[in-house]
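Start at 1 and go down the list; that is how both ligands and their atoms are numbered. Keep in mind that this is a model prediction, so the values were computed, not measured.
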Amino acid sequence: MNDEYTTIDCLSNHQDKEVTLAGWLYRGRASGKVQFLIIRDGTGLCQCVVEKGKVPDDLFEQLKRLGTESSLTVTGHVRADDRSVGGYELAVTDANILSPAADYPITPKSHGIDFLLKHRHLHLRSHRQWCIGKIRHTLIDAIRRFFNDNGFTLIDTPIFTAAAGEEEQTLFEVDYFGSPLQLTQTGQLHLESAAMSFGRVYCFGPTFRAEKSKTRRHLTEFWMVEPEVAFIDLDGLLELAENFVSYIAARVLQDNKSQLETLGADIPALEQIKPPFYRLTYTEAADILTGEKTQKFLAEQLAQFKDRKQQTEARIAELEQQQKGNLKQFQQDKIAAELIELRADLTETNTKIENNPKHAKLAADFRWGKDLGGSDETIISQMHDKPVFVTHYPKQAKAFYMKTDRENDKVVLNFDMLAPAGFGEIIGGSVREDDYDVLMQRIKGQDLNPEDYKWYLDLRKYGSVPHGGFGLGVERTIAWLTGEKHIRQCIAFPRMMDKVYI
Ligand code: 4AD
Ligand code: MG
């Protein structure tokens with residue numbers, strides 16, 4: 001940015017001085033002889049107050065008619081004002097319209113999600129998307145910082161791969177000069193080879209899964225960071241994971257508190273994210289799911305949903321009544337926006353009321369041996385106020401590379417980390433099978449072709465050591481930290497099964 005412009009995040013250094021901001025008109029409101037223009041410049045929002053008589057009359061009129069998202073520069077005096085967004089406002093003395101915009105398609109009346117995704121190239125300018133983008137930036141910086149400061153070496157693993165790392169059904173196939181290759185589902189297998197060279201390594205990149213589920217937790221392209229460590233056991237991995245997640249949560253709290261507040265994140269809950277996290281074995285989790293306490297917990301939840309439904313319906317009726325009155329345009333707009341939010345909330349509450357008995361039945365019918373389903377994870381995660389590790393899953397439900405527990409060969413030495421408040425799995429990890437023969441059996445047992453894993457098996461032939469690692473999904477982590485319900489909001493340009501919008 002040009003030196004002649006001051007950025008909104010630096011206004012506190014310019015109190016009572018004249019500055020020029022360069023940005024876009026986020027929102028404008030006129031009230032007789034005063035206009036309130038909210039300007040955004042990429043670093044924040046600032047209210048600019050234009051008084052008739054303080055700027056030339058023709059400029060006052062032009063600004064009054066200026067459309068949302070027009071670009072402009074605004075000059076004025078910086079005043080501290082607690083009521084203003086950002087704590088400062090600008091008393092405008094001059095402005096220069098750079099490119100006027102008319103009929104900006106996204107209006108303050110909220111739109112459906114489909115419309116917003118189709119307009120993601122513009123919706124990225126919304127304050128919510130901006131806050132999420134800023135948090136994502138911090139999170140990624142914190143992830144790298146943590147591993148770089150703890151003796152890990154970054155290894156970039158390939159995107160084109162020749163063998164499945166996770167379930168084969170979710171592989172995306174691409175035509176690689178006439179032969180099939182796949183887009184990577186995980187960097188783990190390659191990373192294991194690098195761990196035998198560097199000891200502690202991590203990879204961080206986009207990951208692809210042809211997930212056929214249209215849930216709020218699934219993207220087909222998502223970002224995953226994966227550490228891999230030589231000479232580590234399951235306890236060591238859990239400790240690494242809880243220190244890591246506590247560190248990144250603390251960094252986001254430190255750097256992005258105002259964005260978290262704007263997004264309505266549960267800040268006191270985030271302040272509790274410190275080791276140790278809860279630890280459950282899969283078998284204990286299964287007992288919880290089928291236990292009486294869970295049924296009681298779900299019944300209480302159902303009662304809460306019903307209360308909420310009643311309250312939301314009452315507020316909707318109240319606003320609909322108000323709408324019939326004689327209101328100014330901005331008051332009408334405000335009510336319309338609140339109604340759209342409330343109706344979305346009501347639809348969601350109705351879905352929860354509908355799903356609650358189904359989830360209760362799934363939990364009650366849970367049998368040892370099955371993988372935890374999405375609703376099972378949600379329940380366990382809702383019953384805890386900090387992340388929970390679930391360890392020692394049944395071997396039959398898990399990937400071939402997970403090490404069989406030598407004390408109980410029905411289970412593997414793995415873990416999932418479930419984020420609290422119903423957000424569910426954010427990390428999956430395990431100790432890796434380091435015995436050549438056992439691994440070979442597991443590969444064959446899962447109908448995989450040992451030829452494809454020849455190099456991976458080699459790692460067990462030449463100086464095999466106990467080792468393990470995990471993968472953290474960036475978008476799911478952001479959804480949890482910000483309280484955003486759907487992970488499609490946690491990446492700038494989401495890719496989902498049903499549609500790729502832009
Ligand atoms: O549990 P997953 O499948 O584990 C692995 O891929 C291991 N190979 C990682 C390792 O041990 N190095 O995926 C890890 C995490 C999940 O916990 C979740 O946060 C995220 O990746 N994830 C997804 N995020 C968004 N959309 C999807 N379709 C995801 N699938 C997994
Ligand atoms: Mg998993």
Side-chain angles (χ1 to χ4, degrees), residues 136 139 143 147 152 155 157 161 163-172 182-195 200-230 232 234 237-238 240-241 244-245 248 282 371-374 376-377 381 387-391 393 397-403 412-419 423-433 456 467-481 484 486-491 494-498:
R136 185 177 171 113
L139 183 77
I143 287 171
F147 290 119
F152 285 76
I155 300 293
T157 50
T161 55
E166 296 296 329
E167 289 152 282
E168 278 192 297
Q169 308 90 281
T170 68
L171 282 171
F172 273 115
Q182 288 107 27
L183 296 181
T184 187
Q185 299 168 300
T186 165
Q188 179 200 320
L189 307 196
H190 293 86
L191 210 54
E192 283 182 55
S193 107
R200 299 178 143 224
V201 289
Y202 73 101
C203 66
F204 194 3
T207 317
F208 305 88
R209 305 232 179 139
E211 303 273 6
K212 301 244 164 45
S213 44
K214 294 188 225 167
T215 75
R216 64 190 171 90
R217 293 184 178 141
H218 289 93
L219 295 169
T220 53
E221 179 181 317
F222 61 96
W223 282 66
M224 178 157 61
V225 59
E226 299 179 81
E228 189 71 30
V229 182
I232 197 164
L234 187 57
L237 280 175
L238 301 188
L240 177 67
F244 167 57
V245 169
I248 58 180
Y282 164 92
D371 203 352
L372 293 182
D376 305 322
E377 282 180 5
S381 124
V388 196
F389 289 115
V390 183
T391 64
Y393 281 61
K398 286 292 166 185
F400 69 93
Y401 57 72
M402 294 186 179
K403 182 167 171 138
V412 284
L413 298 176
N414 80 313
F415 72 96
D416 277 353
M417 185 196 285
L418 311 183
F423 282 92
E425 180 193 336
I426 55 170
I427 289 186
S430 76
V431 180
R432 320 305 185 189
E433 184 52 69
Y456 186 68
H467 67 286
F470 57 83
L472 169 125
V474 167
E475 292 76 15
R476 286 195 193 176
T477 306
I478 297 171
W480 161 52
L481 294 173
E484 199 48 60
H486 203 300
I487 66 168
R488 66 185 165 214
Q489 300 300 21
C490 302
I491 183 165
R495 268 79 187 100
M496 287 157 297
M497 177 202 164
D498 45 346

Inter-residue atom distance [X].[atom1] - [Y].[atom2], 0.5 Å rounding:
X: Leu238; Y: Phe470; atom1: CG; atom2: CZ; value: 9.5 Å
X: Met417; Y: Thr477; atom1: CE; atom2: OG1; value: 9.0 Å
X: Met496; Y: Glu221; atom1: CE; atom2: CD; value: 11.5 Å
X: His218; Y: Glu211; atom1: NE2; atom2: CD; value: 4.0 Å

Considering only heavy atoms, does [X] approach ligand 1 within less than 4.0 Å through its side chain, its backbone, both, or neither?
X: Thr186; value: side chain
X: Glu475; value: neither
X: Phe423; value: neither
X: Phe470; value: backbone
X: Ile487; value: side chain

What I want to know is whether [X] and ligand 1 share at least one N or O pair that is separated by under 3.5 angstrom.
X: Pro227; result: no
X: Gln185; result: no
X: Asp416; result: no
X: His218; result: no
X: Met224; result: no

Out of curiosity, is [X] lining ligand 1, as in a heavy atom under 4.0 Å away?
X: Gly469; value: yes
X: Met417; value: no
X: Arg432; value: yes

Residue pair Arg136, Glu475: steps toward the salt bridge (charged side-chain N to carboxylate O under 4.0 Å, His left out) verdict: CA-CA 8 Å; Arg136 185 177 171 113; Glu475 292 76 15; 3.0 Å; yes

So, 2.8 Å as the limit: is an N/O/S atom of Glu425 located closer than that to the Mg ion (ligand 2)?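 Checking the Mg ion (ligand 2) against Glu425, an N, O or S atom does fall under 2.8 Å.
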
Which of the ligand 1 atoms, numbered from 1, are nearer than 4.0 Å to a heavy atom of [X]:
X: Glu226; value: 8 (N), 9 (C), 10 (C), 12 (N)
X: Ile427; value: 17 (O)
X: Tyr401; value: 7 (C), 8 (N)
X: Gln188; value: 7 (C), 8 (N), 10 (C), 11 (O), 12 (N)

Before you tell me yes or no, could you show the steps for Phe147 and Tyr202 under ring pair (Phe, Tyr, Trp, His ring centres under 6.0 Å), namely the whole-Å CA-CA distance, both residues' side-chain angles and the distance that decides it to 0.1 Å? CA-CA 7 Å; Phe147 290 119; Tyr202 73 101; 5.2 Å; yes

Applying side-chain contact (heavy atoms from CB on, under 4.5 Å) to Leu413 and Leu237, what does each step give before you reach the verdict? CA-CA 10 Å; Leu413 298 176; Leu237 280 175; over 6 Å; no

Arg209 versus Phe222: any side-chain heavy-atom pair under 4.5 Å?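 In contact.
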
Considering non-hydrogen atoms of the protein only, which is the closest contact for atom 30 (N) of ligand 1, and what is the distance?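 Sorting protein heavy atoms by distance from atom 30 (N) of ligand 1 puts Phe222 CZ, 3.4 Å first.
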
Going by the closest heavy atom to atom 26 (N) of ligand 1, which one wins out of Leu219, Ile491, Leu189, Leu237?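 That would be Leu219.
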
Classify the ring geometry of Tyr456 against Phe400: parallel below 30°, tilted from 30° to 60°, perpendicular beyond 60°.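 Ring orientation of Tyr456 relative to Phe400: perpendicular.
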
Check: Tyr282/Asn414 side-chain N/O donor and acceptor closer than 3.5 Å: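 There is no such pair between these side chains.
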
Candidates Glu433, Arg432, Gln188 - the one meeting side chain to side chain donor-acceptor pair (under 3.5 Å) with Tyr401: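 The passing option is Gln188.
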
